[in-house]
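Everything numeric here is computed off the predicted structure, so don't read it as measured data.
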Amino acid sequence: MKTANFRSLCSPRCRHQHCRERGSVVIAVLLVALIIISTVTLYLRSAVQEMRYAERTFALQQTVNLAEMGAEHAIWAINNDDWTSWTGVATDQYHISYDANTGETVTVYADVRSSSEVWIASSGVVDVSGKGVEKQLLMKLEARGLFANGLTAREFLRFNGNNIDIDSYNSENGVYDPVNNRGDQGTVASASVAVNSVTIQNANIYGFVATTGGTPILGPNGTVTGSNTPAGVSVDQSRIATDFYAEFPDVTAPATTGAASAPVSGTMGTAGTATTYTASDLTIKSKDTITVEGDVTLVITDDLDIRGSIVINPNSSLTLYVNDDISIAGNGVANMSARPQNFLIYGTGDRNGFDPSYSLGGNAQLQAAVYAPHADITLNGGGSSGVFLGAAVGNNITFNGHVDFHYDESLKSFSPDSQFRLTEWRELTAAADRLPIESGSSMAALSF
């Protein structure tokens with residue numbers, strides 16, 4: 001019998017060596033296949049999980065973007081006082097909800113009951129696999145005051161002369177009184193990084209000094225103190241800061257289409273009425289007087305020269321927009337309302353083609369708020385007549401002679417353009433902090 005076909009005759013129960021080897025190979029292949037299948041399964045599961053995490057992470061980021069978009073929508077409505085498409089849920093409280101894209105919802109609530117601060121709650125929701133992912137933001141905005149400090153210079157602030165006193169008061173409490181209406185908020189500041197940006201010399205500052213890095217220069221008799229300064233301390237270091245920062249937005253004059261030409265004497269305006277006047281150059285001669293009645297806006301495209309006087313009657317106001325130089329001398333401007341905010345001076349010229357120069361003096365006390373970030377402002381005084389009550393913002397500010405300055409604290413949040421700035425931004429992550437933003441009436445019932 002031949003043995004060549006012996007292997008083909010092996011049964012499943014064959015115990016020969018070659019059969020055992022063949023069985024081992026099959027088992028090994030099965031084990032490898034099982035390992036590969038398990039690895040691929042785990043990889044696929046991990047990949048799916050990572051994809052879900054990535055999708056959720058993207059959705060969470062998108063919800064923040066949506067909530068911020070809703071907040072910007074509210075800020076625009078607040079600054080423009082335009083609530084078209086919003087629902088008024090209560091007095092000065094508004095609610096809106098809309099789809100930004102498919103599966104993306106924005107809901108916003110705005111509370112503008114206060115003229116000094118407003119609240120915005122905003123929500124962004126993104127649909128992920130049939131479930132909504134949400135982020136909520138709560139923001140506080142405050143009125144963008146142009147006069148947060150008494151005196152603010154973009155560049156240099158100089159006090160030349162002796163016996164210059166800087167302090168504060170609040171015109172809402174009446175006229176300045178060194179005993180009954182005097183505060184220690186006479187803040188002076190410079191946004192320049194120059195080491196000599198603030199030269200106090202021998203001035204007495206009852207308030208604060210702020211610079212953008214430089215140390216203020218004081219003379220032998222210069223002081224920086226406050227109500228809480230220890231006795232015997234003439235320079236209170238706790239009232240000097242070197243981390244000051246400020247923005248100086250430009251001001252644009254209003255349109256003058258149909259405005260009347262400004263008179264050089266007589267009466268300007270009508271009691272109880274808002275009136276706009278315009279002029280190229282305006283000069284008030286030494287023997288002339290202009291009396292302001294009502295709310296008067298005067299737009300001057302070139303220079304203003306006051307040698308005579310302007311009298312702002314009680315319950316009246318004068319707002320000046322001047323593109324170039326200002327000179328106030330003679331009897332100056334008599335603000336009979338005793339409120340600096342009723343005499344506003346805005347400098348609209350910049351330092352590209354113009355180098356505006358303001359010389360502010362006169363025999364009367366100057367009660368005004370001056371915002372001219374591109375103008376060099378000089379305050380001139382002599383004897384006991386140099387007194388400036390209010391606030392000023394300029395490029396360079398210089399005091400010559402004896403000029404006392406009293407910052408009106410009521411101007412700190414004064415925002416004539418009703419613009420607001422963001423002061424608080426918070427993401428509501430804790431369950432206890434979350435708000436019922438989807439319901440306007442529920443939000444209106446809350447207090448912030």
Side-chain angles (χ1 to χ4, degrees), residues 146-147 149-153 157-161 163-171 174-178 181-182 186-188 203 268 282 284 286 289-292 296 298 300 303-314 316-322 325-347 356-372 375-394 396-411 414 416:
L146 297 178
F147 307 105
N149 304 298
L151 298 168
T152 305
L157 186 57
R158 303 271 190 264
F159 296 97
N160 300 325
N163 301 318
I164 297 175
D165 293 322
I166 312 294
D167 58 14
S168 68
Y169 77 113
N170 193 324
S171 66
V175 299
Y176 172 79
D177 186 317
N181 192 7
R182 182 179 188 241
T187 305
V188 301
M268 183 184 297
L282 180 62
I284 303 174
S286 58
T289 299
I290 290 180
T291 301
V292 174
V296 172
L298 174 56
I300 300 175
D303 299 334
L304 171 64
D305 186 2
I306 301 175
R307 304 173 192 175
S309 64
I310 293 179
V311 177
I312 304 172
N313 278 345
S316 298
S317 66
L318 175 60
T319 302
L320 294 176
Y321 292 87
V322 182
D325 298 340
I326 296 178
S327 175
I328 298 178
N331 291 322
V333 179
N335 183 354
M336 306 305 292
S337 72
R339 296 294 305 275
Q341 69 181 43
N342 288 338
F343 180 31
L344 299 175
I345 301 176
Y346 292 119
S357 176
Y358 291 7
S359 176
L360 308 180
N363 298 324
Q365 291 184 350
L366 181 62
Q367 300 183 72
V370 181
Y371 182 81
D376 292 335
I377 301 174
T378 302
L379 291 109
N380 302 301
S384 60
S385 64
V387 179
F388 178 24
L389 301 98
V393 176
N396 296 301
I397 300 177
T398 303
F399 278 57
N400 287 330
H402 180 190
V403 184
D404 289 340
F405 172 72
H406 310 300
Y407 170 47
D408 182 2
E409 296 176 27
S410 73
L411 293 171
F414 178 65

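- In terms of heavy atoms, V175 sits closest to N181 at O-ND2, 3.0 Å.
- The aromatic rings of F159 and F399 are tilted relative to each other, their planes meeting at an angle between 30° and 60°.
- Listed by chain and number, the residues in a salt bridge (Lys or Arg N to Asp or Glu O under 4.0 Å) with R158 amount to none (sequence neighbours excluded).
- Nearest heavy-atom pair, D167 versus R182, reported as atom, atom and distance to 0.1 Å: OD2-NE, 2.6 Å.
- Looking at heavy atoms from C-beta onward, V333 lies in side-chain contact with I312 at the 4.5 angstrom threshold.
- Taking the side chain as every heavy atom from C-beta outward, D408 and Y169 approach each other to under 4.5 Å.
- Between the side chains of T378 and N400, not a single donor N or O lies within less than 3.5 Å of an accepting N or O.
- The CZ atom of R307 sits 11.0 Å away from the CD1 atom of I284 when rounded to the nearest 0.5 Å.
- Heavy atoms only, all atoms of each residue included: Q367 and A338 are closest at OE1-CA, 3.4 Å.
- Under the side chain to side chain contact (heavy atoms under 4.5 Å, CB included) criterion, S317 pairs with D295, N342, not counting sequence neighbours.
- For the pair S410/R339, a side-chain contact is recorded, criterion being any heavy-atom separation below 4.5 Å from C-beta on.
- Here the CG atom belonging to N335 is positioned 9.5 Å from the CG atom belonging to L389, to the nearest 0.5 angstrom.
- Side-chain atoms of D303 come within 3.5 Å of backbone atoms of D325 as a donor-acceptor pair (strictly under, hydrogens ignored).
- Contact between G390 and L411 at its shortest, heavy atoms only, is C-CD1, 3.8 Å.
- In this structure, the side chains of L146 and Y346 come closer than 4.5 Å at one or more pairs of heavy atoms.
- No side-chain heavy atom of V370 sits less than 4.5 Å from a side-chain heavy atom of I326.
- Side chain of D165 to backbone of D404: no donor-acceptor contact under 3.5 angstrom is found.
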- [ ] Tell me, with the steps shown, if V188 and N149 meet side chain to side chain contact (heavy atoms under 4.5 Å, CB included).
- [x] CA-CA 6 Å; V188 301; N149 304 298; over 6 Å; no
- [ ] Apply side chain to side chain contact (heavy atoms under 4.5 Å, CB included) to the pair L379 and Y358, showing each step before the final yes or no.
- [x] CA-CA 8 Å; L379 291 109; Y358 291 7; over 6 Å; no
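- Annotation: side chain of F147 is in contact with side chain of V393 (closest heavy-atom distance under 4.5 Å).
- Atom CD1 of I328 sits about 5.0 Å away from atom CG of L360, to the nearest 0.5 Å.
- We find the CG-OH distance between N170 and Y176 to be 13.5 Å, quoted to the nearest 0.5 Å.
- Inspection of the T289 and S309 side chains reveals an N or O donor paired with an N or O acceptor under 3.5 Å.
- From I166, atom CD1 reaches atom CZ of F388 across 10.5 Å, with rounding to the nearest 0.5 Å.
- Summarising the geometry, atom CG belonging to L157 is positioned 8.0 Å from atom OG1 belonging to T398; distances are rounded to the nearest 0.5 Å.
- The two residues N380 and S359 come nearest to each other via the heavy atoms ND2-OG, 3.0 Å.
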